Structures are given as structure tokens and as C-alpha cells.
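Counting convention: from 1, in listed order, for ligands and their atoms alike. Here the structure is a predicted model, which is why all the values come from computation and not from measurement.
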Amino acid sequence: MSLVLYDYLPSGNGYKCRLVLKALGMPYELREMNIVAGASRTPEYLAMNPNGKIPLLVVPGRGPIAESHAIIAYLAEGSALIPADPYERALMWQWMCCEQYQLEPGVATVRFWLKSLKKSPADFGERYTERFQRGADALAVLERELKGRNWLVGDKVTLADIALFAYTHVADEAGYRFADYPAISAWIARLKALPWYAPINEP
Ligand SMILES: N[C@@H](CCC(=O)N[C@@H](CS)C(=O)NCC(=O)O)C(=O)O
């Protein structure tokens with residue numbers, strides 16, 4: 001019995017989980033869900049995750065865990081991806097909370113509208129402008145904080161880097177230009193050079 005990950009390959013939230021599983025060399029079974037066709041809203045799936053979202057990790061003998069950051073924190077418990085030092089660990093969570101409140105609702109939402117739903121900015125009007133700006137504000141903070149540093153917390157890659165990398169590295173698919181973000185671009189290249197890196201569409 002292995003870990004089972006319910007996921008949708010273009011999803012950055014799912015990708016965070018896949019990257020952590022790969023970084024830690026943990027075997028898992030992937031169940032691909034066509035969320036655009038409503039696969040995460042069936043009665044069977046809602047019985048596992050009443051919130052109707054992917055990713056969802058099912059832990060053998062225990063049960064399901066929803067929310068990408070809860071999943072990666074569970075997977076990485078005791079590993080070097082979570083700083084042992086309480087202050088650095090708090091900084092890791094600071095970045096991960098910021099991702100969920102600012103970066104993901106901006107960059108990921110716009111990307112989902114354009115890429116998965118194949119809509120145009122005009123289809124969403126002011127909602128598009130507000131979400132795009134929310135993402136731009138988050139990327140500006142990330143750009144400023146990454147200047148002169150290799151990783152977000154301390155001198156090693158942590159869950160914070162993986163969590164923010166997931167949507168940032170595909171921000172061009174939401175209409176942001178990497179040329180505007182040189183420090184982010186260098187950080188993306190650094191993460192892509194790690195031995196366990198795999199592209200977002202790889203199961
Ligand atoms: N905060 C959640 C967000 C999860 C989420 O928004 N999942 C999207 C895909 S990235 C989804 O399942 N959408 C399908 C739906 O709502 O029916 C996390 O980090 O896991």
C-alpha cells in the first residue's frame with residue numbers, strides 16, 4: 001500500500017506535492033483527475049475531500065489530507081526541507097502563508113482561467129485586473145526578497161522554495177514577463193538544476 005495522490009497535472013498545488021515526493025524519494029501512486037470536467041465534485045470524491053479540490057493525499061492506514069501545504073508539511077516532517085531552527089521554520093511558514101493568500105489567488109487563478117478554461121482577460125473584466133495585480137504585487141515582493149540570496153529561508157532549499165516555485169515558474173502562462181524579474185528567474189534556474197527537479201506535467 002503506497003501513498004496515493006489525487007492530482008491534476010497542470011496544477012501548481014499538486015505539483016508542490018509531486019516535487020516533495022520526488023525530492024524525498026517517496027514512492028506514490030498518482031490518480032489523475034480531470035477537474036475541468038468536474039472529477040473532484042463527484043459524491044465519491046467529496047466523501048474524501050468535502051472541499052472538492054485537488055491535491056489530496058491518501059495515507060495508507062490513516063486517511064486523506066487536503067491542502068497542498070498540509071500535505072507537503074506531512075510528507076517532509078523530519079527532513080531537511082523543513083528547517084530545524086524554530087525561527088527559520090517560522091520564516092518558511094511566513095512564505096507559505098503568503099503564497100496561499102497572495103501569490104496563488106493571483107497567479108494561479110489567472111493562469112487557470114487562461115490555460116485550463118481557455119478564456120481571455122475580457123471574459124473576466126475587473127476580476128481579471130484585480131487578480132492579475134494581486135499576483136504582480138506578490139511577485140514584486142518575491143523579486144525584492146530574492147535579490148542577493150539563493151533560497152528563501154537560510155542557505156538551503158526548503159518547502160518555502162518548493163511552494164512558491166510551483167506557480168511562479170509558470171507565471172508567464174498567466175501573462176507575467178520573466179524579463180521583469182531577474183532575481184526570480186535566477187532562483188527558478190537554481191531550483192531546476194536540483195537533481196530531483198521534474199517538470200510540472202510529469203507524473
Ligand atoms: N488551497 C488549496 C487550493 C486547492 C485548489 O484550488 N485546487 C484546484 C486546482 S489547483 C481545484 O481542485 N479546483 C477544482 C475545483 O474547485 O473543482 C491547496 O493549496 O491545495
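Listed here is the closest heavy atom pair of G14 and S11: N-OG, 3.0 Å. Between W196 and V157, the closest heavy-atom pair is CZ2-CG1, 4.2 Å. The two atoms that bring R41 and G52 nearest to each other are NE-O, 3.2 Å, heavy atoms only.
Residue Y167 has no N or O atom closer than 3.5 Å to an N or O atom of ligand 1. In terms of polar-atom proximity, Q100 is counted as a contact of ligand 1, with an N or O under 3.5 Å from an N or O of the ligand.
Residues Y197 and H169 keep their aromatic ring centres 6.0 Å or farther apart.
When only non-hydrogen protein atoms are considered, atom 3 (C) of ligand 1 lies nearest to N13 ND2, 3.6 Å. Of the protein's non-hydrogen atoms, the one nearest atom 12 (O) of ligand 1 is I54 N, 2.8 Å. Here the heavy atom of the protein found nearest to atom 19 (O) of ligand 1 is S68 OG, 2.6 Å. With hydrogens left out, the protein atom closest to atom 1 (N) of ligand 1 is E67 OE1, 2.6 Å, a heavy atom. At the shortest separation from atom 17 (O) of ligand 1 among protein heavy atoms lies R41 NE, 2.9 Å. In terms of protein heavy-atom proximity, atom 6 (O) of ligand 1 is closest to K53 CD, 3.6 Å. For atom 9 (C) of ligand 1, the nearest non-hydrogen atom of the protein is I35 CD1, 3.6 Å.
Residue K156 qualifies as open at atom NZ: its count of foreign heavy atoms under 6.0 Å is 12 or below. The environment of CZ in F178 is crowded: more than 12 heavy-atom neighbours from other residues, nucleotides or ligands sit within 6.0 Å.
At a heavy-atom cutoff of 4.0 Å, ligand 1 is contacted by no atom of H69, backbone or side chain. Counting heavy atoms under 4.0 Å from ligand 1, residue Y45 does not touch it at all. Looking at S40 against ligand 1, only its side chain comes within 4.0 Å, counting heavy atoms.
For the pair L139/D180, no side-chain contact is recorded, criterion being any heavy-atom separation below 4.5 Å from C-beta on. Between L9 and I200, every side-chain heavy-atom pair lies at or beyond the 4.5 Å cut-off.
Contact atoms of ligand 1 toward S11: 10 (S) (distance under 4.0 Å to a heavy atom of the residue). Residue contact check: G52 has heavy atoms under 4.0 Å from atoms 15 (C), 16 (O), 17 (O) of ligand 1.
For the pair R18 and Y28, the cation-pi test (distance below 6.0 Å, angle within 45°) is failed.
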